[in-house]
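All remarks here apply to the structure that follows.
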Number of protein chains: 2
Amino acid sequence: MISTTAEYALRMMIALAEADGQPLTSEQLAHRTDVSADYAVKILQQLGRARFVRAQRGRGGGFRLACDPHEATLLDLVRVIDPLDRIMGCPLGRVEHEGRLCALHASLDRAMGVLHDELRSLSLADLMEGPGQPMCANGTPTPLTVQSTARNGSDRSN
Amino acid sequence: MISTTAEYALRMMIALAEADGQPLTSEQLAHRTDVSADYAVKILQQLGRARFVRAQRGRGGGFRLACDPHEATLLDLVRVIDPLDRIMGCPLGRVEHEGRLCALHASLDRAMGVLHDELRSLSLADLMEGPGQPMCANGTPTPLTVQSTARNGSDRSN
DNA sequence: CTTATTGAGGATGCTTTTATCTTGTTTCAG
DNA sequence: CTGAAACAAGATAAAAGCATCCTCAATAAG
């Protein structure tokens with residue numbers, strides 16, 4: 001659904017938001033979010049070009065949040081990395097489907113729509129954990145493991 | 001959101017559903033759905049192993065639908081190709097987040113949940129076009145072009 | 001000014017996904 | 001039985017995503 005790089009970006013944005021204005025070096029961010037230091041820099045550069053963070057070079061430098069955590073939505077942040085585009089016209093270029101997508105693409109676009117809505121409904125501030133609840137990642141390097149659910153309706157235990 | 005291979009799979013399943021029981025060769029399917037013939041076979045094999053289609057070898061053979069178009073959901077079909085997994089436990093393996101995901105992963109899982117719901121709400125039959133409305137793909141090879149929407153609420157013109 | 005610190009950005013390599021190629025097996029017609 | 005039609009499956013190749021490495025530029029301390 002979203003790329004691993006996009007998840008890294010979200011983790012680092014959360015870490016920066018929790019740092020509350022204080023600059024963090026790429027090394028610190030990488031360690032806190034369990035992202036490799038080299039790759040973290042690359043992602044932070046993309047976030048910088050999108051104006052979500054500001055970088056300060058040299059001694060005492062680092063990265064600081066450059067947006068209001070209550071304003072920046074998950075959708076905004078994810079889309080810095082993943083296009084996550086709505087389907088605007090027939091991907092196959094069929095003229096008769098312009099302005100009126102076929103059932104397949106209309107459905108896929110609708111799915112993208114609900115995904116957009118969901119990701120837009122949450123801000124960076126919503127993802128900040130309280131002081132006692134550390135974010136998922138603080139220097140515990142572990143392999144990524146994810147499992148599958150069969151066919152259960154909705155199931156939002158949150 | 002979903003891979004191009006998954007979209008190919010959906011296109012071919014629609015073409016098979018519209019063929020109404022009549023077997024279609026991989027060549028015919030590839031042509032109708034604008035997928036390369038070689039790659040189409042690979043995807044059809046995956047759909048066959050998942051029991052959504054049945055293959056008949058030899059002269060006069062081809063692929064036939066092996067499921068009820070009203071029963072097979074988009075979710076079922078897409079997941080033959082893309083895992084599209086819910087997040088069951090902390091992807092970073094943090095013990096304190098097992099059974100209770102952190103805000104980030106809870107949110108990403110919720111987004112995956114609404115995507116599941118949306119894709120599960122539609123069946124293969126829902127994607128079949130009427131006789132006058134040909135599916136998006138009938139031998140018009142054109143590059144895939146998709147565009148982006150800025151920040152517009154919901155926007156389900158469907 | 002020199003040096004240490006820190007981000008910027010290009011080059012490179014590894015892995016996964018996407019796509020193609022080649023060989024084999026099944027099936028039917030003649 | 002032979003040959004053509006058609007799927008099966010492994011090997012290979014090309015492209016995209018993920019990750020690392022190296023050199024350069026900016027900044028601050030001494």
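In the text below, chain A, chain B and the rest are named by the order of the sequence lines, each starting its count at 1.
The side-chain heavy atoms of Q22(A) and R64(A), taken from C-beta on, include no pair separated by under 4.5 Å.
With axes fitted over five pairs at each extremity, the angle between the ends of the helix from dC1(C)-dG30(D) to dG30(C)-dC1(D) is 10° (10° resolution).
Of all heavy-atom pairs spanning A9(A) and I81(A), the tightest one is CB-CG1, 4.0 Å. Taking each heavy atom of A30(A) and A40(A) in turn, the nearest pair found is CB-CB, 3.8 Å. Closest approach of E18(B) to E129(B), counting heavy atoms only: OE2-N, 2.9 Å.
Listed by first then second residue, pairs satisfying side chain to side chain donor-acceptor pair (under 3.5 Å) with a partner in residues 41-59 of chain B number zero, not counting sequence neighbours.
Boundaries of the chain A contact region on DNA chain D are dC18(D) to dA29(D), first to last in 5' to 3' order (nucleotide atom under 4.0 Å from a heavy atom).
Side-chain atoms of R11(B) come within 3.5 Å of backbone atoms of T33(B) as a donor-acceptor pair (strictly under, hydrogens ignored). With hydrogens and angles ignored, the 3.5 Å screen pairs no side-chain donor or acceptor of D109(B) with any backbone N or O of R86(B). One N or O on the side chain of H116(A) and one on the backbone of L84(A) form a donor-acceptor pair closer than 3.5 Å.
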For this session: If a protein heavy atom is under 4.0 Å from the base, mark B; if only from the sugar-phosphate, S; if neither, -; do that for nucleotides 11-23 of chain C going 5' to 3'.
Result: -------SBBB--
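D126(B) is linked by a side-chain hydrogen bond (donor to acceptor under 3.5 Å, both in side chains) to S123(B), counting only residues two or more places apart in sequence or in another chain. A search for side-chain contact (heavy atoms from CB on, under 4.5 Å) contacts involving D68(A) returns H70(A), E71(A), not counting sequence neighbours. With sequence neighbours excluded, the residues forming a side-chain contact (heavy atoms from CB on, under 4.5 Å) with A111(A) are M1(B), L115(B), E118(B), L119(B), listed by chain and number. Partners of S3(A) under the side-chain hydrogen bond (donor to acceptor under 3.5 Å, both in side chains) rule, at least two apart in sequence or in another chain, are D82(A).
If you measure from atom CZ of R49(A) to atom P of dG7(C), you get 15 Å, rounded to the nearest angstrom.
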What does the list of N/O pairs under 3.5 Å between the protein and nucleotides 3-6 of chain C look like, with a distance for each?
| residue | atom | partner | partner atom | Å |
| --- | --- | --- | --- | --- |
| dT5(C) | O2 | R59(A) | N | 3.2 |
| dT6(C) | O4' | G58(A) | O | 3.4 |
| dT6(C) | O2 | G58(A) | N | 3.3 |

